[in-house]
2 protein chains.
Amino acid sequence: MSTPSIDEVAAAAGVHRSTVSRAFSRPEAVKRETREHIRQVAASMGYRMSPLAQALRTKVSTLVPLVVPDITNPYFAELAKAMTAAAGERGYQLVLCVTENDADATARYLDAMQAMYAPFAVIAPYARVFPAEFESRGFGKRLVVIDRVESGDQISTVTVDSATGIALALDHLFELGHTSIAYVSGIAGTHTAADRCQAYRTLAEERGMTPIELDSSGIGVGAGERAAEELVSLRERPTAVVAGNDLVAFGLISSLGSRGMSVPGDVSVVGFDGLALGARSNPPLTSVQQPIAEMGRIAIRLAEQVANGGPVEHVVLQPQLLVRSSTRPVR
Amino acid sequence: MSTPSIDEVAAAAGVHRSTVSRAFSRPEAVKRETREHIRQVAASMGYRMSPLAQALRTKVSTLVPLVVPDITNPYFAELAKAMTAAAGERGYQLVLCVTENDADATARYLDAMQAMYAPFAVIAPYARVFPAEFESRGFGKRLVVIDRVESGDQISTVTVDSATGIALALDHLFELGHTSIAYVSGIAGTHTAADRCQAYRTLAEERGMTPIELDSSGIGVGAGERAAEELVSLRERPTAVVAGNDLVAFGLISSLGSRGMSVPGDVSVVGFDGLALGARSNPPLTSVQQPIAEMGRIAIRLAEQVANGGPVEHVVLQPQLLVRSSTRPVR
DNA sequence: AACTTTTCTGCAACCGATCTCAGCAACCGA
DNA sequence: TCGGTTGCTGAGATCGGTTGCAGAAAAGTT
């Protein structure tokens, strides 16, 4: 038995379908007794409104696309989880769009969601975002990017403060006595990744260290491999490494292990992201934690804001240090 | 500029909208010149059909829900990735429904997708599936479960052969000289989890070993914690452990590390799933690999089959052993 | 009591497609 | 030349809702 249509409910309740419609979508516009009667009849018939028909007529749906490059990456998975909750709280339904980092796929998803009358979109990029590209694709400014964009770009963003995050990591290592601290960037070409790397350079020099940037090329399994190789071969081996994100940290620790170096025994590592997965890695990963849940909530708020004609905003959140077991005092 | 409607295209091409409709959805029913002309005009206007209107009228959409309990779990993430590709190949669009393991959420998602006229659904459960529950929720038999169900249940399923998988793991460890091999189950209450555990018991006894089942209670971070504790305290300590899934293996290795035991130095561990993430764990995890991509493709095929009135089928795939570095000959 | 205002409900057009049916033209064989 | 096919297109109802408008009923004013 499929759900009855609005006309069937109307007939059963002895009213016109427009009244049934109002009983649900604009309750205050219909007399209380009528409304309650209709609701009751509807409930007893197992009626629920067709979101399709609704969206078709009103040109607005509750679908909110979250565009991510790779759901297999735990960072995006956690983001998806957080955003699902955040969207749900505000009455939206998140639709995950996994692009595999393909621009065409992104465009297709955006077109499709546009056709479904999604009120706005949220994008968590892997590479640098060129807003103009998206504006032409229909959403205009009605989207939020979880990354920084070129200053002056008219698109709302949410990010975590890279400088603070790197400073947190560095200070933690300093306190443990480390003075030679290398950096492995993520391979991602986002502004955020570049910012973290830049922050490392600046802060390292400010603290009188010479920055040591490890080779972070290589994708997937290979990530961290080259960095480990380089680290091992270094004459004056750093005693600690800051990774641009947790996944790189995992790869680095793994590769280091294969080369007989233990973390934190031989070298301390701190990641960036603060993934839950880091709690069950070996060793549990000390990391700069991004407030992912909050980012999700803010992304939805900003999106609603621009969708309602409000101002574009750039929100920068403060990260916290999550100390677990991959760091240790230098001996 | 939003995309034009079918009527605008019809007007521009000088034909009736029904002809435009046919030019796209039933091309052979319209004269070639007319069709080409329409297509050209449509393309020049940037026209694309509204999937909403289409679905509303035909009562069929290309949306395929994949219901998973937790996208943060890399197994489900990889499944989602594989299914997205598999669905795309067949012209469907996967919609990820993350339930956080909540029955209500599952029901809501299924209802919503039903309302969107999804042709069928795919479910990857965390707990045991009771088909009756779903049948009543509209999809009838038009769904596929990525797990075993009670024999006799009229729902198509795809699974990997648990017995073969466990045998693969055990044989690998035997060859390395291990004779005392424990087992840590996943906490999941699926049939598959139970099957793996049962397979372990049976096969261990067949090979003349007494099964040692470690406590696998505890969720999230805690998973593996208890097992590690128990393992360490065991009088006759096993030299190897088979884990019911990779995530548990990660947790176990992590907890073992915190207790000063190294893998594979002190104990060998083999996981079950063969996640890509295992390649960058410390140490890289030896695991029984599920052919996830193939499972995705088969799930779609089975779903299409029952949706077209075809027979319910139970497909069992063979896993392979993926040898990485978490196992080593016993000393 | 008469008039104005407010509240509530019905009517019917509309969103953007699909699809059955009917009509028209061209074609066919006898 | 005519009845019968066949191929192609248009008309219009339909999917399941929303909403501006109009009119009836109820409430408020003087």
N/O donor to acceptor pairs below 3.5 angstrom from side-chain atoms of residues 28-41 of chain A, sequence neighbours left out:
residue	atom	partner	partner atom	Å
A/R35	NE	A/P27	O	3.2
A/R39	NH2	A/A23	O	3.0

Fill in: Set of side-chain contact (heavy atoms from CB on, under 4.5 Å) partners for A/T99, sequence neighbours left out
A/V67, A/P69, A/A105, A/T106, A/Y109
Worksheet item: How would you list all residue pairs meeting salt bridge (charged side-chain N to carboxylate O under 4.0 Å, His left out) that involve residues 115-124 of chain B, not counting sequence neighbours?
Response: none
Worksheet item: Residues two or more places apart in sequence or in another chain: which of them pass ring pair (Phe, Tyr, Trp, His ring centres under 6.0 Å) with A/Y92?
Response: A/F120
Response to the item:
Sorted by chain and number, sequence neighbours left out, ring pair (Phe, Tyr, Trp, His ring centres under 6.0 Å) with A/Y47 holds for A/F24
Discussion item. Tell me which pairs pass ring-ring contact (aromatic ring centres under 6.0 Å, His included) where either residue lies in residues 51-77 of chain A, with sequence neighbours left out.
Written reply: none
Just distance, no hydrogens or angles: give the donor-acceptor pairs under 3.5 Å from side chains in residues 51-58 of chain B, sequence neighbours left out.
residue	atom	partner	partner atom	Å
B/T58	OG1	B/Q54	O	2.8
B/T58	OG1	B/V60	N	3.3
B/T58	OG1	B/V60	O	3.2

Practice prompt. Kindly state which residues belonging to residues 26-39 of chain B come within less than 4.0 angstrom of DNA chain D, counting heavy atoms of the residue only, listed by number.
Written response: B/A29, B/V30, B/K31, B/T34
Discussion item. Taking salt bridge (charged side-chain N to carboxylate O under 4.0 Å, His left out) as the cut-off, I'd like each qualifying pair that reaches into residues 108-126 of chain A, sequence neighbours left out, listed once.
Written reply: A/D111-A/R137, A/D111-B/R48
Worksheet item: First and last nucleotide of DNA chain C in contact with chain B, 5' to 3', at under 4.0 Å to a heavy atom: what are they?
Response: C/dG16 to C/dT20
What protein N or O atoms touch nucleotides 11-14 of chain D N or O atoms at under 3.5 angstrom, if any, and at what distances?
residue	atom	partner	partner atom	Å
D/dA13	N6	B/R17	NH2	3.1
D/dT14	O2	B/R57	NE	3.4
D/dT14	O2	B/R57	NH1	2.8

Worksheet, complete the sentence: With both pairing distances under 3.5 angstrom for Watson-Crick or G-U wobble, and | for a partner in another strand, the correct string for DNA chain C is ||||||||||||||||||||||||||||||
